[in-house]
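The block underneath contains the structure these notes are about, expressed in structure tokens.
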Amino acid sequence: MAQILAPSMQCQMGSAKISIKAGPVTAKMWNSLVLNHRLSGRNSFKSASKFRAFSVKAASDNGVVNRLEDLLKLDLTPITDKIIAEYIWIGGSGTDLRSKSRTISRPVESALGLPKWNYDGSSTGQAPGEDSEVILYPQAIFKDPFRGGNNILVICDAYTPAGEPLPTNKRYRAAQIFSEKKVIDEVPWYGIEQEYTLLQPNVKWPLGWPVGGYPGPQGPYYCGTGADKAFGRDISDAHYKACLYAGINISGTNGEVMPGQWEYQVGPSVGIDAGDHVWCSRYLLERITEMAGVVLSLDPKPIEGDWNGAGCHTNFSTKSMRDEGGYAVIKKAIRNLSLRHKEHIGAYGEGNERRLTGKHETASIDTFSWGVANRGCSIRVGRETEKQGKGYLEDRRPASNMDPYVVTSLLAETAILFEPTLEVESLAAKKLQ
Ligand code: ADP
Ligand code: MN
Ligand code: MN
Ligand code: MN
């Protein structure tokens with residue numbers, strides 16, 4: 001992790017050596033070293049000894065730090081049944097994640113065993129000051145990789161005291177769609193490819209990029225290795241393991257085309273789980289980047305110009321698409337999607353027009369297109385799906401900052417519930433040929 005911070009600190013402080021001595025940076029260094037140490041594993045003598053050397057230095061700066069670390073690692077299970085539950089919710093912008101903790105008297109198996117809670121909605125842009133109470137309903141639980149033990153993370157959605165979902169509560173409507181019989185019977189699967197960009201703190205410029213300048217052009221970075229090509233691998237890896245620990249259905253990860261940009265995939269997950277898992281994975285990423293002193297950006301086009309944007313490709317299939325004869329069902333879904341292109345674009349993330357330019361492996365925002373193995377289309381169908389005559393489609397339009405509750409439920413609605421008239425459908429079919 002010290003490597004990750006090196007580029008930014010060199011730029012700000014002149015040299016990494018000096019920055020270790022500087023007061024404010026020491027805390028950040030410490031945090032990143034803690035992560036480094038935790039990740040280094042017991043038998044990695046080399047990095048463990050490096051860590052010790054640093055920790056002695058940090059402890060002499062501030063003797064409290066080592067003991068704090070000991071307390072953070074305390075195992076509560078032999079002492080008490082009580083657990084810590086971190087209640088997580090989406091704030092007023094629709095993408096900011098908020099959380100606070102409370103004690104629960106004993107370990108729980110599901111969100112059903114947890115009490116509702118409240119928060120001050122006037123501080124998150126979700127309620128007026130004079131009537132600020134917002135109620136959290138626990139919806140899904142995950143194991144807490146930060147606190148360990150029986151402690152949990154709780155994904156919640158937000159309601160007024162009268163029981164009305166807040167406008168930012170997109171889960172509520174999604175859960176309604178996913179509880180329609182037709183949708184349940186089709187067992188909708190989602191594989192979500194979350195791309196993100198890591199930024200140096202303060203300067204908000206991608207990790208590994210020279211401040212005030214640019215790295216060499218894109219080409220060597222996608223799935224690249226080496227100190228001049230991969231920036232932030234420890235964060236990606238720490239996040240991968242944290243997700244697996246938490247019980248998130250993460251399926252892989254890779255370095256992206258733009259340096260400092262990464263991707264991980266969540267899925268296939270069924271129905272509302274896809275949204276819960278992606279939101280929890282984003283929460284973990286926020287926490288891990290916080291520890292590393294690196295800023296997470298889900299902006300769809302963090303750097304203007306000849307640099308790839310960040311998307312959230314959503315792979316989607318229904319039972320009938322996965323079964324024999326599924327290719328015809330996929331084509332029908334694509335027809336439906338072509339008819340509702342505007343609605344989908346409107347729900348696929350803020351600022352997506354900066355990303356969907358028709359360049360950098362995207363289709364133009366104004367036109368709907370599909371193709372087999374074509375990364376310049378709105379919808380891509382894989383070669384394997386074409387060959388097998390069944391499988392799934394990839395919606396390449398969603399931006400990295402999309403709300404997975406909205407995107408997954410809208411796909412289900414358009415592909416499973418939406419019934420265009422036969423005339424409209426045949427017109428759309430002609431246009432797409
Ligand atoms: P890409 O080739 O576009 O980079 P990835 O391998 O990054 O694709 O992501 C594909 C995602 O789709 C994975 O999360 C995978 O689990 C998921 N997936 C695989 N099969 C299906 C399916 N039948 N329906 C929905 N998602 C699927
Ligand atoms: Mn991918
Ligand atoms: Mn990608
Ligand atoms: Mn993809």
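When a ligand or atom number is given, it counts from 1 through the structure's own listing order. Because the structure is a prediction, the values reported are computed rather than measured.
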Name of whichever N/O/S atom of Glu195 is nearest to the Mn ion (ligand 3): OE2
Please find the N/O/S atom of Glu256 nearest to the Mn ion (ligand 3) and write down its name.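 Per the distance ranking, Glu256 contributes OE2 as its closest N/O/S atom to the Mn ion (ligand 3).
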At what distance, to the nearest 0.5 angstrom, does CE of Met291 lie from CD1 of Ile235? 10.0 Å
Does the side chain of [X] pick up a donor-acceptor pair with the side chain of [Y] at under 3.5 Å?
{"X": "Ser297", "Y": "Asp299", "result": "no"}
{"X": "Thr95", "Y": "Ser93", "result": "yes"}
{"X": "Tyr222", "Y": "Asn308", "result": "no"}
{"X": "Asp306", "Y": "Gln218", "result": "no"}
{"X": "Arg340", "Y": "Thr414", "result": "yes"}

Show the short N or O contacts, below 3.5 Å, that ligand 1 makes with protein N or O atoms; if there are none, say 'none'.
from	atom 1	to	atom 2	distance (Å)
ligand 1	2 (O)	Arg380	NH2	3.3
ligand 1	3 (O)	Glu193	OE1	3.2
ligand 1	3 (O)	Glu193	OE2	3.1
ligand 1	3 (O)	Arg380	NH2	2.8
ligand 1	3 (O)	Glu394	OE2	2.8
ligand 1	4 (O)	Glu193	OE1	3.1
ligand 1	7 (O)	Glu193	OE1	3.2
ligand 1	7 (O)	Glu263	OE2	3.0
ligand 1	7 (O)	Gln265	NE2	3.2
ligand 1	8 (O)	Glu193	OE2	3.4
ligand 1	12 (O)	Asn315	ND2	3.4
ligand 1	14 (O)	Ser251	OG	3.0
ligand 1	16 (O)	Gly267	O	3.2
ligand 1	16 (O)	Pro268	N	3.4
ligand 1	23 (N)	Ser317	OG	3.2
ligand 1	24 (N)	Ser317	OG	2.8
ligand 1	26 (N)	Gly191	N	3.4

Tyr137 six-ring centre to Lys116 NZ/CZ under 6.0 Å and within 45° of normal: yes
For the Mn ion (ligand 2), every protein N/O/S atom that sits closer than 2.8 Å, waters excluded: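 Only Glu193 OE1, Glu263 OE2 fall inside 2.8 Å of the Mn ion (ligand 2).
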Taking NZ, NE, NH1 and NH2 as the nitrogens, is one of them in Glu394 or Arg396 under 4.0 Å from a carboxylate oxygen of the other?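 Salt bridge: yes.
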Thinking salt bridges, do Arg173 and Glu413 make one under a 4.0 Å N-O criterion? yes
Do Trp89 and Tyr119 have ring centres separated by under 6.0 Å?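 Judged by ring-centre distance (under 6.0 Å), Trp89 and Tyr119 do meet the cut-off.
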